[in-house]
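For reference, the structure discussed in these notes is given below.
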Number of protein chains: 2
Amino acid sequence: MKHSTIIDIAKKLRISPSTVSRALNDHPDIKKETKELVRKVAQELHYTPNPIAISLQSNRTTTIGVIVPEIKHDFFASAISGIEEVAYQSGYTIILCQSNESVDREVVNTNVLMQHRVAGIIASISQNTLKWNHFQDVIKRKIPLVFFDRVIEDAAVSSVVIDDYRSAFDAVSYLIGKGYKKIAHFSGPSKLGICIKRRDGYIDAMKQHHYPIPDNFICYGGLHEQDGYSAMDALIQQKTLPDAIFAINDPVAIGAFQRIREAGYRIPKDIAIMGFSNNKITNLMEPPLTTVDQPSFEMGRSAARILVQTIEEGLTEPCHLVLNTKLIIRGST
Amino acid sequence: MKHSTIIDIAKKLRISPSTVSRALNDHPDIKKETKELVRKVAQELHYTPNPIAISLQSNRTTTIGVIVPEIKHDFFASAISGIEEVAYQSGYTIILCQSNESVDREVVNTNVLMQHRVAGIIASISQNTLKWNHFQDVIKRKIPLVFFDRVIEDAAVSSVVIDDYRSAFDAVSYLIGKGYKKIAHFSGPSKLGICIKRRDGYIDAMKQHHYPIPDNFICYGGLHEQDGYSAMDALIQQKTLPDAIFAINDPVAIGAFQRIREAGYRIPKDIAIMGFSNNKITNLMEPPLTTVDQPSFEMGRSAARILVQTIEEGLTEPCHLVLNTKLIIRGST
DNA sequence: TCTTAATATGCAAACGTTTGCATATGAAAC
DNA sequence: GTTTCATATGCAAACGTTTGCATATTAAGA
């Protein structure tokens, strides 16, 4: 069962491949009857165009490259799902890569995608991405690029993000409004843009109310459960207990949550805790976790939409989209 | 910044493209010095081979197609991650599709993947896949295929699964050993293989102990939280309370869990509950959910390994891999 | 010195499309 | 009966590789 080609159709009809090609593409030069004939035979032979040949000839593909730090992460899984959704509807196909939070791998990924002549790339950078020559190569090659969530600020590239600063500011303000005063912040990698912004939001909210922030109340670390766990552990060791914790994301909040539990403190009575992202899981904890809802699926869809538009209509100006977050108040605060 | 080609190198060195091609592929006919020269210039020009041209010429790609029902689902996200891992290491690229549990979309997906001349396909079927002509097309085309988790039993195709029957049997036996007698089972779609097997494991474990299974103790439904919720709701309405529930998977267990809570029953005292898959979330519930650990990441890796092997070494016999599950006993039972 | 063989390279076709240009056909205009 | 134009089709090159075969060069054998 070989794939049949335009040439097979041509032979069968004793016409030339170019006529077949034009007929299938509904070229005005071709007579109606010929078109119908060609279409009929194409059906009979189960002809489907070979996208590879088309790509070679046209030097473009209908493939979108996607790079995320970690596929398993709830947020990214959901965003990818959104990307796939739009890609599917628009006739694109997605090639998925994960950087595993490694810049080196991210570099390989961008190269692979460029080699594959993807029509565009959607990316969320690794937490270790400080240099970004690899993305500059992408830009130089004029391959449409859209960042989402974790973006490179200095690059003139379309992006889909949330307002990390404001979301954090609002979240912390809510805590303050609830009466908490000694609020600690478990941040992530100190160089990662979203972490910097959320931290600044936290700081400014505290400052606005003239609440002091002791040195050890801002803890930098990773983005996983274990990081929250050990940050909390350190605070407990130091015996400087906050009355609330604002964590960079849900996993970190969950790690802290567990350590708090282990130490026998009550949530939220002794220590309140707040996450970020609204991972599915947070609603099922006991008490359920207060968090900030981040529209992951929608971010994926928007990023894909912007990319497709850039590819097809050649948008020249980068487009920046900021989606709304929503404070989800639950039992943990 | 155009990509440079083999011809650019040829021109620069005033030799023929074929020589360049052979030099880069380390063909024995080519003199050592020539090879070195070619490699040097290739470096200078940042040459990378165009995979599209290679594909067209060789009629094969280094792309693996992946079809899953839902990317967001914890289990699949993790499996995809495993697939990506192996693919990356083996120099393959993955095209990701989701069927959204729709057969029609699954058909489109397989067609798209075949058109793209993928080197092989890894799939987990949708819950509505009863006919499978689309996969037969794949087989006819001699495109290597590996199913994982949700497989088509009758197809002579490699697969990576767990022993659903035994896992369920053991799980229910454990419940029985704990003293539970009126155990209900929340199953999934009644035609889905994994559901049938888990159900049969449940039935046989009950039978072994001569425990009756009232009609309404096996509830068929979907695979999501809401399905568990409504199944539990129905039982509560009927006032025929089981003393334990064995759910087809974690989300269903979680749904039931919530309904139980809402009804004011205590877990596990009034009703015990057990899930399946060991989603990350289950460990954080209160009480944490007893479940069956399913090695999702490893299943992805194994599936990818088998596929790559089939592609590269042309395995002819389908290979069936059954990975071990592990009962994770926690507070909910 | 001439043949033979080994070594290194080039030529050209092939993969499946698209597309600019040439051309064949027929009809309308003069 | 030419010329002119529109219509419909075909030819061939191009996209970037790979590869069978031909060929040029050199070395070895007689």
Side-chain angles (χ1 to χ4, degrees), chain A residues 1-39 41-42 45-63 91 111-112 114-119 141, chain B residues 1-39 41-42 45-63 91 111-112 114-119 141:
Chain A
M1 272 265 295
K2 290 284 300 165
H3 291 268
S4 54
T5 74
I6 228 172
I7 300 182
D8 299 326
I9 302 177
K11 275 192 189 142
K12 191 145 183 183
L13 288 171
R14 297 169 178 285
I15 58 179
S16 89
S18 30
T19 304
V20 176
S21 170
R22 281 189 261 251
L24 291 171
N25 291 319
D26 208 20
H27 192 289
D29 273 2
I30 304 298
K31 191 162 55 182
K32 212 173 165 195
E33 298 87 61
T34 312
K35 282 182 186 169
E36 277 161 11
L37 228 58
V38 168
R39 291 205 193 105
V41 176
L45 299 183
H46 300 111
Y47 169 80
T48 55
N50 182 336
I52 297 177
I54 297 175
S55 295
L56 180 60
Q57 139 77 29
S58 64
N59 202 29
R60 54 191 171 67
T61 61
T62 54
T63 303
N111 285 331
V112 167
M114 287 192 294
Q115 276 171 239
H116 275 82
R117 310 302 195 263
V118 291
R141 287 244 158 87
Chain B
M1 269 264 296
K2 289 284 303 164
H3 292 268
S4 55
T5 75
I6 228 171
I7 299 182
D8 298 326
I9 301 177
K11 275 192 190 139
K12 189 146 187 181
L13 288 172
R14 298 168 177 283
I15 59 179
S16 89
S18 33
T19 304
V20 176
S21 169
R22 282 188 261 253
L24 291 171
N25 291 318
D26 207 20
H27 193 289
D29 273 2
I30 305 297
K31 191 160 56 180
K32 213 173 165 192
E33 299 86 62
T34 313
K35 284 181 186 169
E36 276 160 11
L37 227 58
V38 169
R39 290 204 194 105
V41 176
L45 299 183
H46 300 109
Y47 169 79
T48 54
N50 182 336
I52 296 177
I54 297 175
S55 293
L56 180 61
Q57 141 75 31
S58 64
N59 201 28
R60 53 191 173 69
T61 61
T62 54
T63 302
N111 285 332
V112 168
M114 288 192 293
Q115 276 171 240
H116 275 84
R117 310 306 196 259
V118 291
R141 287 244 157 88

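This structure is a prediction, so every number in the text was calculated from the model and none was measured.
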Using atom types as modelled and distance alone, determine if a side-chain donor or acceptor of A:Thr61 lies under 3.5 Å from a backbone N or O of A:Arg117. yes
Does A:Arg22 reach the main-chain N or O of A:Val20 with its side chain, forming a donor-acceptor pair under 3.5 Å? no
N/O-N/O pairs, protein side and nucleotides 24-26 of chain D side, under 3.5 Å:
none

For A:Lys11, give me all partners under salt bridge (Lys or Arg N to Asp or Glu O under 4.0 Å), at least two apart in sequence or on another chain. none
List the atom pairs, donor and acceptor, that lie under 3.5 Å between side-chain atoms in residues 28-37 of chain A and the rest of the protein, sequence neighbours left out.
{"residue": "A:Lys35", "atom": "NZ", "partner": "A:Asp26", "partner atom": "OD1", "Å": "3.0"}
{"residue": "A:Lys35", "atom": "NZ", "partner": "A:His27", "partner atom": "O", "Å": "3.1"}

Enter the distance from A:Thr63:OG1 to A:His116:NE2 here, rounded to the nearest 0.5 Å. 8.5 Å
Does B:Ser18 have any side-chain hydrogen bond (donor to acceptor under 3.5 Å, both in side chains) partners at least two apart in sequence or in another chain, and if so, which? B:Ser16
Compare every heavy atom of B:Ile54 with every heavy atom of B:Pro49, then report the nearest pair and how far apart it is. CB-CD1, 3.9 Å
Please report the closest heavy-atom contact between A:Leu56 and B:Ala53, naming both atoms and the distance. CD1-CB, 3.8 Å
Please work out if B:Leu56 contacts a base, only the sugar-phosphate, or nothing of the nucleic acid, heavy-atom cut-off 4.0 Å. base
Note, [X] side chain near [Y] side chain (heavy atom, < 4.5 Å):
{"X": "B:Gln115", "Y": "A:His3", "value": "no"}
{"X": "A:Ile15", "Y": "A:Val38", "value": "yes"}
{"X": "B:Tyr47", "Y": "B:Leu24", "value": "yes"}

Axis deviation across the helix from C:dT1-D:dA30 to C:dC30-D:dG1, five-pair ends, to the nearest 10°: 70°
Heavy atoms within less than 4.0 Å of DNA chain D: which residues of residues 27-38 of chain A have one? Give them sorted by number. A:Asp29, A:Ile30, A:Lys31, A:Thr34
Per the side chain to side chain donor-acceptor pair (under 3.5 Å) rule, what does the pair list look like for residues 51-60 of chain A, sequence neighbours excluded? none
Closest-nucleotide ordering on DNA chain D, the 5'-leading residue of B:Ser58 and A:Gln57: A:Gln57
For A:Asp8, side chain to side chain contact (heavy atoms under 4.5 Å, CB included) partners two or more places apart: A:Ser4, A:Thr5, A:Leu45
First and last nt of DNA chain C near chain B, cut-off under 4.0 Å to heavy atoms, 5' to 3', are C:dA8 to C:dG16
Taking N or O atoms only and anything under 3.5 Å, show me the protein contacts with nucleotides 4-6 of chain D, one pair per line.
none

Near DNA chain C, which residues from residues 8-24 of chain A have a heavy atom under 4.0 Å away? A:Ser18, A:Ser21, A:Arg22
